[in-house]
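The structure appears right after this line, and notes come after that.
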Amino acid sequence: MHWVRSLITGISIPCLMLGLLFFIASLTPSLIPRGPFVQGVLGGIVIAIGYLLGKIIDLIWRAADLPRLRGRPALVGNILLAATVIFLAVWTTTSSLKWQNELRSKMGLEPAEAQHLVTILICATATFAVAYVIGAVVATLFRWIRSRFYRFMPARRANVLGVVTVVLLLFVVSRNGILDQVVTGLDESYEAAQKLFDSAPPPPADPNRTGSSASFIDWRAMGQPGRDFVTSGPDAEAISAFTGKPALDPIRVYVGRADGDTPNERAELALAELKRLNAFEREVLIVTSPTGTGWMDPGSHDPLEYMHGGDIATVSAQYSYLQSPLALILETRAGLDQATALLKIVHKYWKTLPENDRPRLYAHGLSLGAWSSMYATNLFRLVDDPINGAFWAGPPFPSDLWHYVQNARQPGSPWMLPTIGEGSLVRYASHYADASKAEAGWGRMRIVFLQYSSDPIVFYDPLSLWRAPPWMNDPPAEDVSDHLTFIPIVTQFQLALDMALAFGAPAGHGHAYYAQDYIVPWVQVTDPEGWTAEDTERLKAHCDLGFQKGCSNGR
């Protein structure tokens, strides 16, 4: 109890008030609506960060021997500061319900109830308490280590070495202990979820399916996402029933991560399977990079196969078992290398074929797959015989090619939906724009980016720690809050949290891309023969009836 009492009495009021100011700022809306528990945890974290920042400022102030308020003036100052901050906290907390409900309304969600404010305060208090206790434990450890150094070195040197020792201890414990175990456990659990080898279901009997007994690709090593991809989607009968015309069975080739030891091995295996299935005799060939787990979005691929009457082949190769956010952090190189190997090897063979007797070749990817596909689309390698186009959905913020194109936008066009030149090479689509309008017609190559204005995976900015992201300088888009405001440090944590919540946003918002918004961009990129605006509307209606909407949990 004495230890608990000392913790409570040791709280610095000015530092706590700075933390509460951070909490107040965290209640302002960002890109994704936040539930009360999530908002409470975010609030508790930023209170702790503000408190820590206050302690650092106080330490520097003391070290500089600057004047300090004491006695009655200090007490009056603390009371006035606390009263002001508490007033702001009450006003902002009550206003936050209105702000969140306005954002929820823009995304078609039910309004939040008033009682969530209580949940926010409880969760924020609990989170800060845990962080404060952890900080107190670390401070106690530092003082103990420093006291040992005092025995044989001067105080200043002991202080510095004490800090260094504690930092190294925390790094070793978190990096080589806890973090490694977490990453290993995640990798193993997702690998098990892929149902590899002995737990795989029976392979397809049709020899024209990837993974069959006639296939070059081992069905057991393909993994659940790959098996789902090659065995799903519309067949010739379903396509013909929709179009009223004869159709072909689409070709789908997928190589699992366990089907080869290296990216090149998997890419060569994919090429061999494409040749076996006569994929280069089709009208359209799509080289797709999957998301982190290897998942392929049916909302993108199924409509495309209807558009082209099944006269299409799609090929992909898996590079990870982890969810996309983890693969982005831990296996970035694997995705880039695999996408590069696959597109390079397929393109190398494709360009040896007669120009009038080969499929039109396109690159595609969603989310982390968009990043790796963009990286693989090396324009210098393709310049002598370029591909016909590319369609990238939800490109993550680190994508270099995406940044290059974004920064080439016409002055005055919004960052979230920019205009690039006259639109003959690159166009953008969103849930409120479909890339069909431009000043000029399409050129030889067609590239479309699909990005939702509320997608933090696309619009997160690491520099938002101290400056507003470019899109915050534009008028808010349709599904972005009018009350969104840049606040140094806090905005960084809000957008980071938004990334974690983006996959669970309603379809058509956040990072939940779905069939309706893929259709017209695919029409623009691949230009299906004889396709009309009426066909587009019929296909959209068909999507409403039968296709998966939004993003799967397999991502």
Side-chain angles (χ1 to χ4, degrees), residues 210 217 222-223 225-226 228-230 252-257 259-260 262-271 273-274 279 284-301 304 312-328 330-348 350 361-379 381-382 387-402 447-451 457-458 511 513 518 521-522 525 551-552 554-555:
T210 296
I217 298 172
M222 192 185 299
D228 289 343
F229 176 68
V230 300
R252 292 186 172 192
V253 172
Y254 189 98
V255 180
R257 189 176 187 273
D259 275 310
T262 67
N264 276 339
E265 284 184 22
R266 292 188 285 269
E268 292 286 1
L269 191 59
L271 177 63
E273 185 73 359
L274 287 170
V284 172
L285 174 59
I286 308 292
V287 179
T288 299
S289 186
T291 61
T293 59
W295 180 69
M296 305 279 283
D297 188 355
S300 174
H301 295 282
L304 185 60
I312 180 173
T314 305
V315 60
S316 188
Q318 185 183 30
Y319 53 86
S320 173
Y321 299 127
L322 296 176
Q323 297 279 352
S324 285
L326 294 171
L328 176 64
L330 303 171
E331 293 186 326
T332 301
R333 191 74 245 171
L336 303 182
D337 289 346
Q338 183 60 77
T340 300
L342 181 61
L343 185 57
K344 179 180 179 180
I345 286 172
V346 170
H347 179 259
K348 182 178 180 180
W350 172 83
L361 181 60
Y362 300 94
H364 178 51
L366 164 66
S367 188
L368 197 57
W371 184 16
S372 57
S373 179
M374 278 185 278
Y375 181 88
T377 308
N378 185 321
L379 299 180
R381 189 180 70 245
L382 304 177
I387 62 176
N388 296 89
F391 179 27
W392 294 307
F397 67 91
S399 310
D400 289 338
L401 178 57
W402 176 81
I447 297 175
V448 169
F449 292 93
L450 171 61
Q451 54 192 41
I457 303 295
V458 177
H511 205 59
Y513 293 85
Y518 285 116
W522 268 132
V525 171
C551 295
S552 157
R555 173 173 298 178

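Summarising the geometry of Tyr518 relative to Gly299, their closest heavy-atom pair is CD1-O, 3.2 Å, with the distance given to 0.1 Å. Of all heavy-atom pairs between Leu285 and Val346, the closest is CD2-CG1, 3.9 Å. For Leu342 against Ala317, the heavy-atom pair with the smallest separation is CD2-N, 3.9 Å. For the pair Ser399 and Pro396, the tightest heavy-atom approach, listed with the atom from each and the gap, is OG-O, 2.7 Å. Taking each heavy atom of Thr210 and Arg252 in turn, the nearest pair found is OG1-O, 2.9 Å. Between Ala341 and Asn264, the closest heavy-atom pair is CB-OD1, 3.4 Å.
Under the 4.5 Å side-chain criterion, counting only non-hydrogen atoms from C-beta, Tyr375 is in contact with Thr340. Using a 4.5 Å cut-off on side-chain heavy atoms (C-beta onward), His511 and Ser367 make contact. In this structure, Pro225 and Met296 have side chains that are not in contact, with every pair of non-hydrogen atoms separated by 4.5 Å or more. For the pair Val284/Tyr362, a side-chain contact is recorded, criterion being any heavy-atom separation below 4.5 Å from C-beta on. Between Ile217 and Val253 there is a side-chain heavy-atom pair separated by less than 4.5 Å. Using a 4.5 Å heavy-atom cutoff, the side chains of Trp295 and Pro290 are not in contact. Inter-residue side-chain proximity for Thr288 and His301 is flagged as met; some heavy-atom pair is nearer than 4.5 Å.
Side-chain contact annotation: Trp371 with Ser289, donor-acceptor N/O pair under 3.5 Å absent.
In this structure, Leu304 CG and Ile286 CD1 are separated by 5.0 Å, a value rounded to the nearest 0.5 Å. The CG atom of Leu343 sits 10.0 Å away from atom CH2 of Trp350, with the distance rounded to the nearest 0.5 Å. From Leu401, atom CG reaches atom OG1 of Thr377 across 7.5 Å, with rounding to the nearest 0.5 Å. Once rounded to the nearest 0.5 Å, the distance linking CD of Glu265 with CD1 of Ile345 reads 10.5 Å. Put simply, CG on Leu336 and CG on Leu368 are 8.0 Å apart, with the number rounded to the nearest 0.5 Å.
Under the ring-ring contact (aromatic ring centres under 6.0 Å, His included) rule, His364 has a single partner from Trp392, Trp522, Phe449, which is Trp522.
Under the 3.5 Å distance criterion, the side-chain polar atoms of Tyr254 are left unmatched by any main-chain donor or acceptor of Gly223. Within the 3.5 Å criterion, the main-chain N or O of Arg257 finds a donor-acceptor partner in the side chain of Gln318.
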